Novice: 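One structure is given below, represented as structure tokens, and several questions about it will come after.
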There are 2 protein chains.
Amino acid sequence: MEAFAENGYAATRVEEVAKRAGVSKGLLYLYFKTKEDLFKAVIRNFVSPRLDALIQDIGNSDLTAEEFLRGPFLDFAKKVPRSPARVLARLMIAEGPKHPDLVAWYWENVVSKGMAAIRTVLEKGVRGGEFHRSAVDDFPQLLVSPVLFAMVWTQVFDAHDKLDTDGLMEGHISLVLNSIKVDR
Amino acid sequence: MEAFAENGYAATRVEEVAKRAGVSKGLLYLYFKTKEDLFKAVIRNFVSPRLDALIQDIGNSDLTAEEFLRGPFLDFAKKVPRSPARVLARLMIAEGPKHPDLVAWYWENVVSKGMAAIRTVLEKGVRGGEFHRSAVDDFPQLLVSPVLFAMVWTQVFDAHDKLDTDGLMEGHISLVLNSIKVDR
DNA sequence: TATATTAATGACCAGGGAGTCAGCAAGCGG
DNA sequence: CCGCTTGCTGACTCCCTGGTCATTAATATA
């Protein structure tokens with residue numbers, strides 16, 4: 001994963017992967033048919049455990065929708081943009097279009113589930129009278145877009161302008177809540 | 001640009017670029033010292049004219065801050081995610097870390113200027129009593145993050161879930177305005 | 001200890017691509 | 001018409017890397 005993250009798929013040498021793993025190139029070809037196979041396996045093995053941990057982390061709590069957004073969701077949003085997971089985002093963006101089945105897998109196992117989870121929370125907020133109906137109901141992506149943005153920014157522009165990702169996320173959540181909360 | 005956009009830097013053959021340009025590989029090496037040189041020139045030549053056009057487009061009008069966001073800014077935000085410019089974003093994300101001087105140039109000529117422009121508009125809104133002070137003043141990135149998000153989404157996940165980018169942008173702007181506008 | 005089976009190595013090969021360069025073509029000046 | 005300059009070509013070289021496979025090491029079995 002480190003190797004692919006640093007150099008991208010095409011520029012990464014299989015031998016380099018082998019070296020970092022402390023094995024010979026030949027061994028990799030005993031376990032993976034091709035370089036592409038290896039790549040896909042690397043991605044999947046990177047994602048799966050983290051995904052499980054995340055689902056566990058967020059869990060099914062009895063929080064209100066706002067508490068959920070200010071709590072577990074904000075925690076997640078603060079953590080991810082500086083975690084190793086951000087390189088995954090860059091890889092998926094860069095290499096995705098060339099590996100459609102990998103994207104399909106990622107879609108099914110990560111993105112669509114995440115989206116569904118967010119929809120559920122928002123729906124709960126609306127039904128419970130906490131939130132107005134608003135654009136985020138139709139476009140839950142609006143809740144996550146700063147997360148992706150921060151992941152990208154920290155990898156591309158950090159040297160030129162270090163982004164306070166925690167502040168960004170807090171600002172984002174408060175901005176959104178301020179817009180959708182039913183005021184009493 | 002097409003070639004690099006399709007395959008990424010490493011997987012693009014210089015000969016392929018030459019073929020699409022209708023010249024020989026040798027000629028490219030008369031004008032560009034190396035493949036990397038060629039790549040940087042391609043990016044710069046792609047960005048520059050569009051940037052000029054954009055600046056012209058937005059211009060200095062006498063719109064209120066809200067009118068500006070609902071007008072020229074929203075137009076821009078709707079147009080970009082499905083324009084050829086989106087492949088540029090993918091390329092910068094994918095290849096940026098390997099070409100620091102290209103990122104530096106892009107930062108100076110595009111990103112920092114864009115950010116400054118947004119700050120100016122928000123500042124005007126606040127000073128004119130249209131807007132509250134809010135998180136977007138500290139993090140103007142929050143205004144653009146859905147644009148980047150949409151550019152990425154349309155290139156990676158369109159096959160699985162076609163995103164209504166226009167709707168997303170309209171929703172975003174109304175959400176933000178709803179949050180920061182001073183109500184009368 | 002001897003033998004069979006499984007795990008792992010790394011030298012090797014074939015294909016491909018970045019970069020070079022001798023030479024061809026086309027305009028230009030006399 | 002002829003030399004001269006400039007623009008351009010594509011065959012060639014050399015290196016690199018994905019993938020193979022004969023060989024060796026380690027482990028299990030008898």
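This structure is a prediction, so every number in the text was calculated from the model and none was measured. Worth knowing before you read on, the calculation uses all heavy atoms, side chains too, and leaves out hydrogens, waters and symmetry mates. Lettering follows sequence order; numbering is per chain, from 1.
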Novice: Using whole Å, report how far CD of Glu16(B) lies from P of dG17(C).
Specialist: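 To the nearest whole Å, that distance equals 10 Å.
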Novice: Thr154(B) and Arg82(B): side-chain donor and acceptor closer than 3.5 Å?
Specialist: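 Absent: no donor and acceptor within the cut-off.
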Novice: Closer than 4.0 angstrom, basic N to acidic O: yes or no for Lys98(A) and Glu6(B)?
Specialist: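 Salt bridge: no.
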Novice: Is Ser179(A) reaching over with its side chain to a backbone N or O of Val176(A), donor-acceptor style, under 3.5 angstrom?
Specialist: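 The answer is no, because no donor-acceptor pair under 3.5 Å joins these two groups.
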Novice: Scan nucleotides 9-26 of chain D nucleotide by nucleotide, 5' to 3', and note B when protein non-hydrogen atoms come under 4.0 Å of the base, S if they reach only the sugar-phosphate, - if neither.
Specialist: BB------SBBB------
Novice: Tell me what Phe32(A) touches on the nucleic acid: a base, only sugar-phosphate, or nothing, going by heavy atoms under 4.0 Å.
Specialist: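 Phe32(A): no heavy atom of the nucleic acid under 4.0 Å.
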Novice: How are the rings of Tyr9(B) and Phe4(B) set relative to one another: parallel (under 30°), tilted (30 to 60°) or perpendicular (over 60°)?
Specialist: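 If you compare the ring of Tyr9(B) with that of Phe4(B), the planes turn out parallel.
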Novice: What integer distance in Å separates Leu28(B):CG from dT20(C):P?
Specialist: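 To the nearest whole Å, that distance equals 13 Å.
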Novice: Which pairs with one or both residues in residues 103-112 of chain B pass salt bridge (charged side-chain N to carboxylate O under 4.0 Å, His left out), sequence neighbours excluded?
Specialist: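 Matches after skipping sequence neighbours: none remain.
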Novice: If you round to the nearest 0.5 Å, how far is CD1 of Ile118(B) from CG of Leu143(B)?
Specialist: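 That separation rounds to 5.5 Å.
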Novice: If only side-chain N and O atoms of Tyr31(B) are considered, is one of them under 4.0 Å from the OP1 or OP2 phosphate oxygen of dG7(D)?
Specialist: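 Checking Tyr31(B) against dG7(D): no side-chain N or O falls below 4.0 Å of OP1 or OP2.
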